[in-house]
Amino acid sequence: MDLNAFLEHLNSGKTVQGGSEAHQFMHGVSQEALRITAEMNSGYHEPAELRALFSRLIGQPVDESFGLFPPFYTDCGKNIHIGKHVFINMGCKFQDQGGIYIGDGALIGHNVVLATLNHAKSPKDRSSMIPAPIRIGKNVWIGSNATILADVTIGDGAIVAAGAVVARDVPENTIVGGVPAKIIRHLREEEMQ
């Protein structure tokens, strides 16, 4: 199995069976991600250096407008897709096997967790994993310590309150919060200017 076949398997939504070829390949990808994130998280790096390291981590270039404050953690990295003018604050953890898509202008607060894998429900098959993507729209703001779960889309302009656990799609231009996250209200016209 190579990286393209691995990503194709993940992006198809097929289960990654415990002990399978895809599962074994995942372990190798994790080791590379751990090496790169350890380098990112050790010592000070100029913004251009961080962009270069992050680009190496995800296997594709990021725009010069991309900003990141380490530390940053991931156990894959190869299925993260970043738009322009995206900022990721300190302490974030991305489990991106299922795919993480972040739109232009998104702001990701401190200690945000994006988790794209679920485990099989059967105790006998618990080592198997089910990938599903997280899609974050344009100009989304995710507050500190929020957790976004697999198979969630956050609409353009939405705000996720600090500490929220988001298990369902979030409509555009809304504020959600709580555990589980619920719509608090829609943004007013003057707030969207």
Side-chain angles (χ1 to χ4, degrees), residues 10-16 30 33 37 54 57-58 62 65-123 126 128-193:
L10 293 173
N11 292 333
S12 73
K14 294 178 187 170
T15 298
V16 177
S30 293
T37 55
F54 198 85
L57 175 67
I58 69 172
V62 291
S65 63
F66 172 73
L68 170 72
F69 284 178
F72 175 82
Y73 304 96
T74 183
D75 57 356
C76 181
K78 299 303 184 207
N79 213 0
I80 298 173
H81 310 273
I82 303 280
K84 296 179 180 180
H85 303 284
V86 169
F87 177 71
I88 300 171
N89 218 325
M90 292 182 219
C92 290
K93 297 170 182 73
F94 287 14
Q95 182 194 53
D96 62 287
Q97 287 86 345
I100 293 174
Y101 302 84
I102 302 176
D104 296 346
L107 302 174
I108 313 294
H110 289 88
N111 301 315
V112 167
V113 174
L114 304 179
T116 67
L117 287 178
N118 273 319
H119 287 277
K121 289 182 179 61
S122 167
R126 195 68 45 85
S128 293
M129 291 161 280
I130 304 148
I134 293 172
R135 299 181 190 283
I136 298 169
K138 294 178 180 178
N139 302 311
V140 167
W141 175 18
I142 300 177
S144 296
N145 296 301
T147 298
I148 315 298
L149 300 178
D151 203 24
V152 165
T153 297
I154 300 175
D156 294 348
I159 298 172
V160 176
V165 176
V166 183
R168 293 188 179 162
D169 290 353
V170 175
E172 65 180 30
N173 300 317
T174 57
I175 301 172
V176 299
V179 180
K182 293 180 173 50
I183 294 174
I184 295 170
R185 67 178 175 86
H186 293 273
L187 289 170
R188 294 183 291 272
E189 194 64 39
E190 64 272 12
E191 293 175 314
M192 294 190 290
Q193 300 305 318

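Note: hydrogens, waters and symmetry copies are ignored here, and every other heavy atom, side chains too, is used.
Every side chain to side chain contact (heavy atoms under 4.5 Å, CB included) that Leu117 has, sequence neighbours left out, goes to Gln95, Gln97, Met129, Pro131. Remark: His186 pairs with no residue by the side-chain hydrogen bond (donor to acceptor under 3.5 Å, both in side chains) rule, at least two apart or across chains.
Ring geometry for Phe72 versus Phe54: interplanar angle over 60°, hence perpendicular rather than tilted (30 to 60°).
Between Asn118 and Ala150, the closest heavy-atom pair is ND2-CB, 4.3 Å. Closest of all the heavy-atom pairs between Met90 and Pro70 is CG-O, 3.2 Å. Considering all non-hydrogen atoms of both residues, Ile108 and Cys92 come closest at CG2-SG, 3.8 Å. Contact record, Ile142 with Val112: CG2-CG2, 3.7 Å, taken as the closest heavy-atom pair. Gly177 approaches Ala164 most closely through the heavy-atom pair CA-CB, 4.0 Å.
One N or O on the side chain of Asp169 and one on the backbone of Thr153 form a donor-acceptor pair closer than 3.5 Å. A donor-acceptor pair under 3.5 Å is formed between the side chain of Asp96 and the backbone N or O of Asn79. The closest donor-acceptor contact from the side chain of Arg135 to the backbone of Tyr101 lies at 3.5 Å or more, if one exists at all. Side-chain atoms of Asp104 do not come within 3.5 Å of backbone N or O of Lys138 as any donor-acceptor pair. Ser144 places no side-chain N or O within 3.5 Å of a backbone atom of Gly109 that could act as its donor or acceptor partner. A donor-acceptor pair under 3.5 Å links the side-chain atoms of Glu191 to the main chain of Arg188, judged by distance alone.
When each of Leu114, Val165, Val113, Val166 is paired with Leu149, the side chain to side chain contact (heavy atoms under 4.5 Å, CB included) condition holds for Val165 and for no other.
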Next item on the list: Any chance you could lay out the side-chain contact (heavy atoms from CB on, under 4.5 Å) test for Ile154 and Val160, step after step, and finish with the verdict?
Entry: CA-CA 9 Å; Ile154 300 175; Val160 176; 4.0 Å; yes

Checklist line | CA sep, side-chain torsions, deciding dist, call: Phe94, Ile102, side-chain contact (heavy atoms from CB on, under 4.5 Å) | finding: CA-CA 12 Å; Phe94 287 14; Ile102 302 176; 3.8 Å; yes

Checklist line | side-chain contact (heavy atoms from CB on, under 4.5 Å) between Lys182 and Val176, worked out | finding: CA-CA 5 Å; Lys182 293 180 173 50; Val176 299; over 6 Å; no

Check: How far apart are the C-alpha atoms of Ile82 and Ile88, what are their side-chain angles, what is the distance that settles it, and do they pass the side-chain contact (heavy atoms from CB on, under 4.5 Å) test?
Finding: CA-CA 10 Å; Ile82 303 280; Ile88 300 171; 4.3 Å; yes

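One distance of note links OG of Ser65 with NE2 of His85; it measures 4.0 Å at 0.5 Å rounding.
Phe69 has its ring centre less than 6.0 Å from the ring centre of Phe87.
Other residues, nucleotides and ligands contribute over 12 non-hydrogen atoms within 6.0 Å of the CZ atom of Arg185.
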